[in-house]
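Below you'll find the structure, written out as structure tokens, and then a few comments.
Treat the numbers as computed from the prediction; the structure is a model and nothing was measured.
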Amino acid sequence: MEDMTFVLFGATGDLAQRKLFPALYNLYLDGKLPNSLSIIGLGRSYFSHEDFQSKVERALKVYCRRPLQTTGLDDFLTKFRYCTFDATKNDSYQNLHELIRNREIELSLPENRFFYLSVAPNLVDVITAGLNTSGISQSKGWKRLIVEKPFGSDLKSARQLNTSLNNAFSDEEIYRIDHYLGKPMVQNLETIEFANPVFKSLLDHKRIANVQITACETVGVEARADYYDQAGSIRDMVQNHLLQLVMMTALHLPEKNTAEEIREQKVSIMEALRPIHKEDIARDVVRGQYDSGEIFDTPVVGYTEEPGVDASSMNDTYFAARLYIDNPTWSGIPFYIRTGKRIGTKSTKIVIEFKNKVKETDVPPTDGIIPNLLIVEISPNEGISLRVNMKNPSNKQFEPAFINFFTRSEDQPEAYELLLFDAIRGNATFFANWKEVELSWKWIQPILEAFQENTLPLYPYPAGSTGPEAACQLLQNDQFKWW
Ligand code: BG6
């Protein structure tokens with residue numbers, strides 16, 4: 001791993017405190033950071049270097065998954081420096097450049113520079129242009145840029161953003177972060193098939209009845225109404241996280257593949273994703289919005305009563321859809337995806353439902369037999385289980401039994417840890433490349449337009465429920481149900 005400078009834009013923000021500082025600290029504890037590393041945090045407010053180091057330490061105390069160790073803590077904190085920064089001012093870039101150079105000299109660092117943008121979307125292209133014109137991103141070493149979502153707000157704006165980033169960084173230098181790709185069980189999806197020959201014969205359209213991908217949460221809009229009321233679940237969760245889960249699930253990798261091969265496969269899956277035409281959206285897509293209700297026995301308000309949300313907002317807080325991947329592996333198999341806020345239970349999982357008959361000529365199974373399911377639990381539990389039918393010896397009834405493997409989440413590295421480690425090593429396997437992002441926007445664009453034009457019903461659902469009834473109907477129409 002090469003020595004480098006890590007420049008963090010948005011270092012006083014929420015993501016830095018909750019995720020990025022703990023991730024860096026855990027990597028430090030595991031010996032997974034470069035030997036010599038300069039970390040420079042940037043924010044609009046003034047902090048001395050010492051104040052900033054104390055801020056980092058406080059964040060670690062609150063948010064780190066492991067207790068702070070006295071040994072090494074000072075060594076970790078002294079890597080940090082702070083620079084007050086206004087993205088629209090030339091002076092700011094000059095000060096930053098000076099600080100980067102001084103630290104490079106002090107620590108004898110090569111000019112390898114890693115820029116992490118955890119900032120408001122409208123500042124992303126301003127900062128990358130500033131890095132370019134100030135010369136900061138034109139060093140003798142390598143450079144990398146990590147950008148957080150949202151990557152644009154529709155197909156057109158995503159393309160514009162990409163063009164503007166490409167003025168300063170090549171595609172190989174841009175790491176578009178999608179934290180779902182850092183979740184340990186998502187990173188395991190490719191392994192499940194290629195390392196387990198038993199699944200190879202099972203995971204294709206001859207055996208599978210349908211695939212269901214769920215990412216539901218109990219939280220509501222929280223304090224993010226400004227952003228969320230514009231984005232809705234479709235931009236917040238579907239264009240990125242859910243479609244990435246579709247790609248990762250549909251990967252068909254009979255052997256260990258390179259990062260490049262995986263990316264190519266993901267792109268080919270998106271290319272094979274059947275477009276949903278405007279006239280079919282009402283049939284294939286369900287949008288919903290939460291009403292008042294109860295979460296964990298506590299009353300909560302409906303979406304339009306949330307602080308900062310317009311009382312007449314038609315924004316979607318729930319999304320479900322049926323989609324098809326028209327390639328030889330998945331031909332004819334429906335994929336159902338759903339995501340919602342203020343659902344009764346937090347759960348991110350992938351369920352593969354197997355057909356009840358191996359051959360068309362097979363006699364249908366006896367009553368009481370339920371389909372076999374392969375369940376990949378991503379969050380909050382992490383594990384994999386296979387649901388099989390067993391007969392209860394006392395009453396001779398069929399009962400479902402589970403072959404289970406679960407890990408304890410607190411022992412697992414967090415998504416940001418895995419992703420930062422990869423990016424530091426220059427491994428882009430679990431980052432969204434431009435083609436995937438562009439194809440995702442392209443796929444949802446007609447749906448976005450239908451939402452905008454309000455041509456689709458907006459189904460209310462009580463907070464604490466499983467979502468709108470229409471989402472169940474979507475599967476019932478195909479004689480399936482959500483698991
Ligand atoms: C974020 C969304 O990307 O993912 C949030 O902006 C959502 O609205 C969050 O709550 C869910 O992430 P996780 O890891 O808790 O499933």
Dump the intermediate steps for salt bridge (Lys or Arg N to Asp or Glu O under 4.0 Å) on K341 and E217, then the final yes or no.
CA-CA 5 Å; K341 290 214 181 275; E217 9 177 31; 2.6 Å; yes
Side chains of R176 and N162: do they bring a donor and an acceptor to under 3.5 Å?
yes
Can you tell me if E172 uses its side chain to pair, donor with acceptor, with the backbone of A428 under 3.5 Å?
no
Where do R113 and T5 land on the side chain to side chain donor-acceptor pair (under 3.5 Å) test, with the steps shown first?
CA-CA 5 Å; R113 295 176 185 168; T5 300; 5.4 Å; no
Close aromatic pair by centroid cut-off 6.0 Å: F335 and W330
yes
If we only count heavy atoms from C-beta on, is the K149 to I177 side-chain gap below 4.5 Å?
no
Can you list the steps and then say if F80 with F21 is a ring pair (Phe, Tyr, Trp, His ring centres under 6.0 Å)?
CA-CA 10 Å; F80 287 79; F21 298 148; 5.8 Å; yes
Looking at every heavy atom in both Y63 and P22, which two are closest together, and how far apart are they?
CB-CG, 3.9 Å
Around D30, counting heavy atoms of other residues, nucleotides and ligands shown, do more than 12 lie under 6.0 Å from its CG?
yes
Is there side-chain contact between P413 and R65, with heavy atoms separated by less than 4.5 Å?
yes
Mind running salt bridge (Lys or Arg N to Asp or Glu O under 4.0 Å) on R103 and E106 for me, showing each step along the way?
CA-CA 5 Å; R103 291 288 285 161; E106 199 182 328; 3.1 Å; yes
For N132 and Q138, test the side chains for any donor-to-acceptor distance below 3.5 angstrom and give the result as yes or no.
yes
Value rounded to 0.5 Å, distance of CG in L96 from CZ in R81
14.0 Å
Would you tell me whether D51 and S48 have side-chain atoms, one donor and one acceptor, within less than 3.5 Å of each other?
yes
Which distance, rounded to the nearest 0.5 Å, do you find between the CG of L245 and the CG of N240?
10.0 Å
D3 side chain near L37 side chain, heavy-atom distance below 4.5 Å:
no
Tell me, please, whether F52 has K55 positioned over its six-membered ring: NZ or CZ under 6.0 Å from the ring centre and within 45 degrees of its axis?
no
Using a 6.0 Å distance limit plus a 45 degree cone around the ring axis, check whether R274 lies over the aromatic ring of Y324.
yes
Distance check, rounded to the nearest 0.5 Å: I213 atom CD1 versus H241 atom NE2?
13.5 Å
Ignoring hydrogens and angles, tell me if any N or O in the side chain of S54 forms a donor-acceptor pair with the backbone of E50 under 3.5 Å.
yes
Just by modelled atom types, is the K140 backbone N or O under 3.5 Å from a matching donor or acceptor in the E111 side chain?
yes
If you draw the axis of the six-membered ring of F421, does the NZ or CZ of R425 fall within 45° of it and under 6.0 Å from the ring centre?
yes
Test log, rule side-chain contact (heavy atoms from CB on, under 4.5 Å), inputs L419 and Y175:
CA-CA 10 Å; L419 292 173; Y175 289 64; over 6 Å; no
Are a donor atom and an acceptor atom from the side chains of N315 and Y228 found within less than 3.5 Å of each other?
no
Using distance alone, with no hydrogens and no angle criterion, decide if T258 and E261 have a side-chain donor and acceptor under 3.5 Å apart.
yes
So do F451 and I447 actually touch side chain to side chain, heavy atoms under 4.5 Å?
yes
D75 backbone acceptor or donor facing T78 side chain under 3.5 Å:
yes
Run the numbers on W483 and T214 for side-chain contact (heavy atoms from CB on, under 4.5 Å), then give the verdict.
CA-CA 9 Å; W483 296 104; T214 298; over 6 Å; no
When every non-hydrogen atom of L418 is compared with those of G182, the smallest separation belongs to CD1-O, 3.2 Å
Flag, side chain of D316 to backbone of I234, donor-acceptor distance under 3.5 Å
yes
Any chance the side chains of W142 and E2 put a donor and an acceptor closer than 3.5 Å?
yes
I'd like to check Q412 versus M185 (side-chain heavy atoms, cut-off strictly below 4.5 Å). Are they in contact?
no
List the steps and the verdict of side chain to side chain donor-acceptor pair (under 3.5 Å) for Q445 and D154.
CA-CA 7 Å; Q445 188 61 35; D154 57 13; 4.8 Å; no
What I'd like to find out is whether the side chain of L181 reaches to under 4.5 Å of the side chain of D178, using heavy atoms alone.
yes
Between D125 and N122, what is the shortest heavy-atom contact and its length?
OD1-O, 3.6 Å
Ignoring hydrogens and angles, state whether a donor on the side chain of Y227 or D236 is under 3.5 Å from an acceptor on the partner side chain.
yes
Within the side chain of R144, is there an N or O that forms a donor-acceptor pair under 3.5 Å with the backbone of I424?
yes
Is the shortest side-chain heavy-atom distance between L109 and S38 below 4.5 Å?
yes
Check whether any side-chain N or O of R342 sits under 3.5 Å from a backbone N or O of T218 as a donor-acceptor pair, and report yes or no.
yes
The test is salt bridge (Lys or Arg N to Asp or Glu O under 4.0 Å); show your working for E438 and K435 and say whether it passes.
CA-CA 5 Å; E438 185 182 37; K435 206 70 206 146; 3.1 Å; yes
Taking the six-membered ring for Trp, are the ring centroids of Y290 and Y318 within less than 6.0 Å of each other?
no
Could you tell me whether the side chain of R235 and the main chain of S153 form a donor-acceptor pair under 3.5 Å?
yes
Which residue is it: R66, K32, E414? I am looking for the one with a side chain to side chain donor-acceptor pair (under 3.5 Å) to N26.
R66
Is there a donor-acceptor contact under 3.5 Å from the side chain of E173 to the main chain of S170?
yes
Kindly compute the distance separating CG (L131) from NE2 (H97), expressed to the nearest 0.5 Å.
10.0 Å
Any chance you could measure N433, atom CG, to E264, atom CD, to the nearest 0.5 Å?
10.0 Å
Decide yes or no for I350 and I375: does some side-chain heavy atom of the first lie under 4.5 Å from some side-chain heavy atom of the second?
no
Any donor-acceptor N/O pair, N196 side chain to V198 backbone, under 3.5 Å
no
Please identify which of these residues, Q239, H179, E436, meets the side chain to side chain donor-acceptor pair (under 3.5 Å) condition with Q244.
E436
Test of ring centre spacing under 6.0 Å for F6 and F115:
no
Centre-to-centre under 6.0 Å for Y82 and Y46, is that the case here?
no
Taking all non-hydrogen atoms of both residues into account, name the closest pair between Y93 and A87 and its distance.
OH-O, 2.7 Å
About how many Å separate CD of E306 and OG1 of T317, when rounded to the nearest 0.5 Å?
9.5 Å
Apply side chain to side chain donor-acceptor pair (under 3.5 Å) to the pair D86 and S92, showing each step before the final yes or no.
CA-CA 6 Å; D86 178 338; S92 280; 5.6 Å; no
Positive for side chain to side chain contact (heavy atoms under 4.5 Å, CB included) with L117, one of L145, L165, I146:
L145
